[in-house]
K.L.:
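One structure follows; several queries about it will come next.
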Amino acid sequence: MSTPHSFAPAVPVHTYQRIVEQIEHAIVTGEIPVGSQLASERELMVQFDVSRPTVREALRVLQSMGLIESRPGTRGGPQVLAPSPETLRRSLRAMLGTAALDLAELVQYRVVLEGTASALAALQHSEAQRDEMRVAVERMQRAAEANSDDFADLDLAFHKLIWSASGNRIFALSGEAVSGVLRSVMHRDAEGAHHDNRVKLESAAIDRGLFDAIERRDATEAGSIARKAVANRFGPLLEPEQQAALALLVG
């Protein structure tokens, strides 16, 4: 006896998509290493037995995925790129724009990311990284006191140092991507309703406390400060039930 089941219609796959799949697989498996060049368009036409427009469409898709980059003036084909935060940032922006991902999910991830990265940075930072973070915090303080427009940039620079000091490259990659998506919110929040520096001063003080916890290698305190900072900054933008879920992550 057969079991009733509803199948979707079979959809033909464009030839260029097959090319994309093969090249993508070769890149992610390391068969084509980062920094190397693909074959020229003419060579790819021969290898795949397709027309030039088909090859160019496949290369356009691969470039939009952040896997390759065409560089004028160089011989051969496009260069294979290392993973980039910009690639992930574009994907997250698209997901937000199409409602495939909502702001609450992004904020929840940022809470987990910042808390974990800060705790690891407290345990694992080097003296050089500590000194860089100290300089970054002091720059933030001066920018807050001067109500400077570059405060948000300096804030992001400080957190980049934390992600790096965590020793986890995925945190650094995803942290920069998520922060980029939330960039407009960060700027608006830092400016404040009356364009004064109250919010900036508060943020600088929080990050100073975070740095102090990292410097004395208090991972528990550093993680707690980081989680609360993100929740306090972006929580008011969420619905009440979303805020309750966020509170569970903050602890």
Side-chain angles (χ1 to χ4, degrees), residues 85 88-119 121-122 133 136-137 139-163 166 171-172 174-214 218 220-251:
L88 181 55
R89 187 181 301 135
R90 284 198 298 265
S91 298
L92 290 174
R93 282 198 192 110
M95 292 172 72
L96 280 175
T98 58
L101 176 73
D102 61 36
L103 181 61
E105 293 172 304
L106 206 57
V107 173
Q108 288 173 5
Y109 179 72
R110 181 76 188 272
V111 166
V112 174
L113 167 70
E114 293 291 352
T116 306
S118 297
M133 285 186 279
V137 166
R139 286 176 177 168
M140 283 179 59
Q141 183 63 39
R142 290 194 294 271
E145 291 170 354
N147 199 21
S148 174
D149 291 337
D150 65 352
F151 178 82
D153 293 330
L154 295 171
D155 187 6
L156 180 58
F158 171 63
H159 287 277
K160 283 183 179 180
L161 292 171
I162 292 176
W163 304 329
S166 76
F171 289 164
S174 59
E176 191 168 346
V178 172
S179 296
V181 177
L182 294 172
R183 186 73 170 193
S184 61
V185 179
M186 291 173 67
H187 274 293
R188 183 183 64 191
D189 187 56
E191 287 301 319
H194 303 289
H195 302 285
D196 60 28
N197 63 345
R198 287 177 295 178
V199 174
K200 293 175 183 175
L201 288 170
E202 290 173 4
S203 182
I206 290 170
D207 280 342
R208 180 71 206 198
L210 175 56
F211 168 73
D212 289 343
I214 291 174
D218 189 337
T220 300
E221 181 66 9
S224 176
I225 291 173
R227 290 192 300 272
K228 289 176 182 176
V230 176
N232 291 339
R233 178 174 298 180
F234 298 108
L237 302 176
L238 307 182
E239 299 297 326
E241 63 274 14
Q242 295 172 332
Q243 293 178 3
L246 190 65
L248 291 176
L249 295 176
V250 173

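Just so it is clear, the values below take in all heavy atoms, side chains as well, and ignore hydrogens, waters and symmetry mates.
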K.L.:
In the structure I gave you, are the side-chain heavy atoms of Leu156 and Lys160 within less than 4.5 Å of one another anywhere?
P.N.:
yes

K.L.:
Got a second to check how far Gln141's CD is from Ser203's OG, nearest 0.5 Å?
P.N.:
10.5 Å

K.L.:
Supply the atom-to-atom distance Leu113 CG to Ser118 OG, rounded to the nearest 0.5 angstrom.
P.N.:
8.5 Å

K.L.:
Return the minimal non-hydrogen interatomic distance between Met140 and Ala204, and the atom names on each side.
P.N.:
CE-CA, 4.1 Å

K.L.:
So, the side chain of Asn197 versus the backbone of Ala144: is there a donor-acceptor pair under 3.5 Å, distance only?
P.N.:
yes

K.L.:
Show the nearest heavy-atom pair for residues Trp163 and Ala172, with the distance to one decimal.
P.N.:
CB-CA, 3.7 Å

K.L.:
For the residue pair Ala245 and Gln108, what are the closest heavy atoms and their distance?
P.N.:
CB-NE2, 3.9 Å

K.L.:
Looking at Ala231 and Val250, what are the two nearest heavy atoms and their distance?
P.N.:
CB-CG2, 3.4 Å

K.L.:
List the atom of Leu246, the atom of Gly235, and the distance in Å for their closest heavy-atom pair.
P.N.:
CD2-CA, 4.0 Å

K.L.:
Minimum heavy-atom separation for Arg110 and Glu114, please, with both atom names.
P.N.:
NE-OE2, 2.7 Å

K.L.:
Taking atom CD1 of Ile162 and atom CZ of Phe171, what is their separation to the nearest 0.5 Å?
P.N.:
12.5 Å

K.L.:
Using the rule side chain to side chain contact (heavy atoms under 4.5 Å, CB included), only one of Asn232, Leu201, Ile225 pairs with Ile206; which is it?
P.N.:
Ile225

K.L.:
So Leu210 and His159, do their side chains get closer than 4.5 Å, heavy atoms only?
P.N.:
yes

K.L.:
Assess whether side chain to side chain contact (heavy atoms under 4.5 Å, CB included) is satisfied between Asp102 and Gln242, documenting all intermediate values.
P.N.:
CA-CA 11 Å; Asp102 61 36; Gln242 295 172 332; 4.3 Å; yes

K.L.:
Find out whether Leu182 and Leu103 are in side-chain contact, i.e. whether some heavy atom of one side chain is under 4.5 Å from a heavy atom of the other.
P.N.:
yes

